[in-house]
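Structure first, commentary second.
FYI, side chains are in, hydrogens and waters are out, and symmetry mates aren't considered; it's all heavy atoms of this structure. Letters go in sequence order (proteins before strands), and every chain restarts at 1.
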Number of protein chains: 2
Amino acid sequence: MTRKGGPLDPAQLAGYFALMEVSSLLQHAVEQHLRVDGGLSWVQFQILARLNDAPGGQQRMTDLADGVVYSRSGLTYQAGVLEKAGLVSRSPSTDDERSTTVTITEEGRALLLRVLPGHIDVVRELFLDHLSADDLAVLTEVLGRVRDGMRAAPPRSAAPRSSRTARASG
Amino acid sequence: MTRKGGPLDPAQLAGYFALMEVSSLLQHAVEQHLRVDGGLSWVQFQILARLNDAPGGQQRMTDLADGVVYSRSGLTYQAGVLEKAGLVSRSPSTDDERSTTVTITEEGRALLLRVLPGHIDVVRELFLDHLSADDLAVLTEVLGRVRDGMRAAPPRSAAPRSSRTARASG
DNA sequence: TATTGTTATACTCTATAACTATA
DNA sequence: TATAGTTATAGAGTATAACAATA
């Protein structure tokens with residue numbers, strides 16, 4: 001059906017490009033707003049948002065890295081930046097002494113709340129305002145399916161980020 | 001209809017997150033492939049792809065920057081990297097002496113062709129294979145509309161990238 | 001021995017401002 | 001005076017590998 005192995009047909013190319021272009025423009029706009037309005041990068045905003053939604057405002061480093069950043073050291077770096085800014089705190093986990101628990105601070109929550117309205121404005125102006133409710137529903141359903149597929153089937157040579165990793169050699 | 005000024009409803013949030021998550025995972029996977037397989041970054045790949053499609057394999061720096069990179073110096077940097085690698089060449093434009101014309105070399109085209117099949121495989125596996133033809137059509141149409149809206153209406157305080165820029169002060 | 005997280009390090013990339021040259 | 005592009009520079013971010021500590 002999709003001519004496996006061959007080049008992409010125009011419809012496929014158009015869909016791929018549209019996705020990348022829209023997301024890229026949106027992310028750039030959002031990033032600019034976050035930087036100006038709250039001194040936050042996109043990754044930092046995501047970390048705070050996740051912590052804010054997590055029970056108790058906390059998560060383990062590994063769970064946090066899963067889906068936000070693509071390397072452990074990357075998260076360590078970002079957590080350090082956020083901690084220095086007083087937006088999160090880190091402490092050894094009680095149950096597993098190897099783990100570090102990251103907790104969003106009151107300041108972190110406050111900053112998030114302060115930044116959120118403007119963030120939403122940007123998302124609305126650039127993205128949501130151009131969609132009907134039906135469009136949005138379809139888009140979400142379709143992209144949700146794609147996301148599930150991605151998560152289920154990691155591409156060749158890419159290990160899933162948090163489960164048991166099977167390796168052939170060193 | 002969309003409660004302007006208020007928070008996003010769950011459907012809007014879900015759509016926004018789905019878009020960002022899918023595009024981010026896809027871009028990361030594609031970037032990894034391009035790096036391993038061709039030593040190219042995402043931006044560099046886009047530059048080569050645009051030049052490859054352009055008549056004569058050439059474009060002016062400004063036209064190239066428009067839509068690929070977000071600052072002129074950023075493109076100068078990338079063009080320098082690509083030129084050093086022998087994938088593009090730069091020469092002064094004939095008609096406008098201020099302009100620089102970037103041209104993709106044979107090596108550049110060859111590298112692009114070599115990398116493309118694997119690139120397409122990744123896009124297929126992670127993205128296209130999870131969509132029906134109808135899904136794809138709808139997605140493309142909807143995202144195309146969003147893209148047009150973005151291009152037409154630059155967000156508050158963001159100047160369009162290539163037209164006359166109105167400034168209040170320094 | 002595997003997992004969690006940090007550190008050191010090197011590298012890529014981006015943006016700002018100052019600058020040159022042409023229109 | 002405005003536009004096209006480069007340079008210098010500084011800063012943010014990322015990944016890899018080596019490391020320490022716990023399971």
Subject >> Set of residues satisfying salt bridge (Lys or Arg N to Asp or Glu O under 4.0 Å) with respect to B:E31, sequence neighbours excluded >> reply: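 So B:E31 forms no salt bridge (Lys or Arg N to Asp or Glu O under 4.0 Å) with any residue.
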Subject >> Partner residues of A:T100 under the side-chain hydrogen bond (donor to acceptor under 3.5 Å, both in side chains) criterion, sequence neighbours left out >> reply: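 Not a single residue meets the side-chain hydrogen bond (donor to acceptor under 3.5 Å, both in side chains) criterion with A:T100.
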Original post:
side-chain hydrogen bond (donor to acceptor under 3.5 Å, both in side chains) with A:T76: which residues, sequence neighbours excluded?
Top reply: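 With neighbours one apart ignored, the set is empty.
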Respond yes when some side-chain nitrogen or oxygen of [X] is under 4.0 Å from OP1 or OP2 of [N], and no when none is.
{"X": "B:S73", "N": "C:dT14", "result": "no"}
{"X": "A:Q78", "N": "D:dA12", "result": "no"}
{"X": "B:R35", "N": "C:dC13", "result": "yes"}
{"X": "A:R72", "N": "C:dT4", "result": "no"}

Original post:
Mapping B:R60 and A:W42 onto DNA chain D by nearest heavy atom, which one lands closer to the 5' end?
Top reply: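 Counting from the 5' end, the first nearest nucleotide belongs to B:R60.
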Output the rounded distance in Å from [atom1] ([X]) to [atom2] ([N]).
{"X": "A:Y77", "N": "C:dA8", "atom1": "OH", "atom2": "P", "answer": "15 Å"}
{"X": "B:D63", "N": "D:dT3", "atom1": "CG", "atom2": "C1'", "answer": "13 Å"}
{"X": "B:M61", "N": "C:dT22", "atom1": "CE", "atom2": "P", "answer": "17 Å"}
{"X": "A:L34", "N": "D:dA12", "atom1": "CG", "atom2": "P", "answer": "16 Å"}
{"X": "B:E31", "N": "C:dT12", "atom1": "CD", "atom2": "C1'", "answer": "11 Å"}
{"X": "B:L75", "N": "C:dT16", "atom1": "CG", "atom2": "P", "answer": "16 Å"}
{"X": "A:L40", "N": "D:dG13", "atom1": "CG", "atom2": "C1'", "answer": "15 Å"}

**OP:** Please tell me which of the listed nucleotides, C:dT16, D:dG13, C:dT6, lies nearest to the side chain of A:T76?
**Re:** C:dT6
Subject >> Sole residue of B:T103, B:V88, B:L82, B:L112 in side chain to side chain contact (heavy atoms under 4.5 Å, CB included) with B:L51 >> reply: B:V88
Original post:
So which residues get pulled into A:V36's cluster when ILVMFWY side chains under 4.5 Å apart are joined, directly or through others?
Top reply: none
Subject >> Shared-cluster residues of B:V81, by chain and number - hydrophobic side chains joined below 4.5 Å >> reply: B:Y77
**OP:** Using a cut-off of strictly less than 4.0 Å between a heavy atom of the residue and any atom of DNA chain C, enumerate the qualifying residues of residues 84-101 of chain B by number.
**Re:** B:D96, B:E97, B:R98
**OP:** Identify, residue by residue, the members of residues 43-52 of chain B with a heavy atom below 4.0 Å from DNA chain C, and return them in order of residue number, or none.
**Re:** B:V43, B:Q44
Original post:
Applying ring-ring contact (aromatic ring centres under 6.0 Å, His included), which residue pairs with at least one partner in residues 80-108 of chain A are found, sequence neighbours left out?
Top reply: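 Sorted result for residues 80-108 of chain A: empty, none.
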Subject >> Summary of side-chain hydrogen bond (donor to acceptor under 3.5 Å, both in side chains) pairs that have at least one residue in residues 105-116 of chain A, sequence neighbours excluded >> reply: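 For residues 105-116 of chain A, and leaving out neighbouring residues, the side-chain hydrogen bond (donor to acceptor under 3.5 Å, both in side chains) pairs sorted by first residue read A:N52-A:R109.
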**OP:** Could you tell me how the ring of A:Y70 sits relative to the ring of B:H28: parallel (under 30°), tilted (30 to 60°) or perpendicular (over 60°)?
**Re:**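 Because their plane-to-plane angle is under 30°, the rings of A:Y70 and B:H28 count as parallel.
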